There are 2 protein chains.
Amino acid sequence: MGDKKNKKSGERCALQEILGVIGGKWSMSIIYALFDGKKRFSELERLVPNINTRMLVKELKNMEANGIVVRKVFATVPPTVEYTLTTKGKKLEPIINELYKWGVEYVG
Amino acid sequence: MGDKKNKKSGERCALQEILGVIGGKWSMSIIYALFDGKKRFSELERLVPNINTRMLVKELKNMEANGIVVRKVFATVPPTVEYTLTTKGKKLEPIINELYKWGVEYVG
DNA sequence: CAACAATACTTTACTTTTGAAAGTAGTAAC
DNA sequence: GTTACTACTTTCAAAAGTAAAGTATTGTTG
């Protein structure tokens, strides 16, 4: 059975899986905000333009489940929660930066 | 007024604009399918896993409006329509390939 | 002591977007 | 005249997203 065709279609499915993880409307913006270090929930709310609380919670949970961010809770009052990129998440920095450059050249 | 802060927030908004263009669920998969040359509408339907007609039409229109693909109609019966990447669209190839590599290493 | 503030979410009600399936237009072959 | 072919369009239900208000905990303020 044609190797090339099967490989290509495998690649296509893999790409969709990948986009399922970081292809949403908000993921990359959140990752981008985390490039310069840990951020608290409320900081992220301010740093990601137009996102709402519910979506930020949802995306962060999803990203945590996918090993892109780490959530660390401190038992303070009021509560403190810090989000950080994992190594896996940090590796997206050059890619998102390239995407940004592409956009600056062609979109803006 | 703080230069660094303004630049950063400008970048964030730009990133969101960019993601508005190619950050949807389907755009990158369609672009990926177009990397190896022009494709007809029906070919794209087959090449992009799980997409439906309505979404493919919508995304292609959007991408055409954003100068990422070119739509060429031939007055045949039944009709033939070819979609091709513009230069702007082609420039995404290395970026999407990097994303794919990232995914292979960390998602799959 | 009661009201208020602060953070990190949850919940609810509503709007928008997406998806599946069926339909349309135009012509040519049978 | 029925079927086939391509590239859409339409319809309607389901899923996802948004805005705004609510919850839990405890420390400070009046």
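Lettering of chains follows the sequences in order, A, B, ..., and the numbering in each one begins at 1. What you see is a predicted model, and the numbers here were worked out from it, not measured in a lab.
In this structure, A:T86 contributes its side chain and A:I68 its backbone to a donor-acceptor pair below 3.5 Å. In terms of modelled atom types and a separation under 3.5 Å, the side chain of B:W102 and the main chain of A:K88 share a donor-acceptor contact. In this structure, A:N66 contributes its side chain and A:N62 its backbone to a donor-acceptor pair below 3.5 Å. Between the side chain of B:W26 and the main chain of B:V48, no donor-acceptor pair closer than 3.5 Å is present.
Side-chain N/O atoms of A:E93 and A:Y32 include no donor and acceptor closer than 3.5 Å. With no hydrogens or angles considered, a side-chain donor-acceptor pair links A:K91 and B:Y106 at under 3.5 Å.
Within the nucleic acid shown, A:F74 has no heavy atom closer than 4.0 Å to any nucleic acid atom. Among the atoms of the strands shown, base atoms are found under 4.0 Å from some heavy atom of B:T53. Within 4.0 Å of A:T80, counting heavy atoms only, lie sugar-phosphate atoms of the nucleic acid but no base atom. Using a 4.0 Å heavy-atom cutoff across all strands shown, A:R54 reaches at least one base atom of the nucleic acid. Note on B:V57: a base of the nucleic acid sits closer than 4.0 angstrom, heavy atoms only.
Between the OH atom in B:Y100 and the CD1 atom in A:I18 there is a gap of 6.5 Å [rounded to 0.5 Å].
Scanning both residues, A:L19 and B:S29, for their nearest heavy atoms gives CD1-OG, 3.7 Å.
The nearest heavy atom of DNA chain C to A:R71 and to A:V77 marks one nucleotide each, and the one closer to the 5' end goes with A:V77. A residue-by-residue look at A:E59 and B:P78 shows that B:P78 has its nearest nucleotide of DNA chain D further toward the 5' end.
Between the two ends of the helix from C:dC1-D:dG30 to C:dC30-D:dG1, each summarised by a five-pair axis, the helix axis turns through 30° (rounded to 10 degrees).
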Donor-acceptor pairs under 3.5 angstrom involving side-chain atoms of residues 49-57 of chain B: please list them, not counting sequence neighbours.
unit_1	atom_1	unit_2	atom_2	d
B:N52	OD1	B:R54	N	3.3
B:N52	OD1	B:M55	N	2.9
B:T53	OG1	B:E45	OE2	2.7

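When DNA chain C is scanned in the 5' to 3' direction for atoms under 4.0 Å from non-hydrogen atoms of chain B, the outermost contacting nucleotides are C:dT18 to C:dT27. Protein chain B contacts DNA chain D from D:dC5 to D:dT11, reading 5' to 3' and using non-hydrogen atoms of the protein with a distance under 4.0 Å.
Applying the side chain to side chain donor-acceptor pair (under 3.5 Å) test to B:K101 and every residue at least two apart in sequence or in another chain returns B:E98. Checked against side-chain contact (heavy atoms from CB on, under 4.5 Å), B:K39 has the following partners two or more places apart in sequence or in another chain: B:L34, B:D36, B:E43, B:L44, B:L47.
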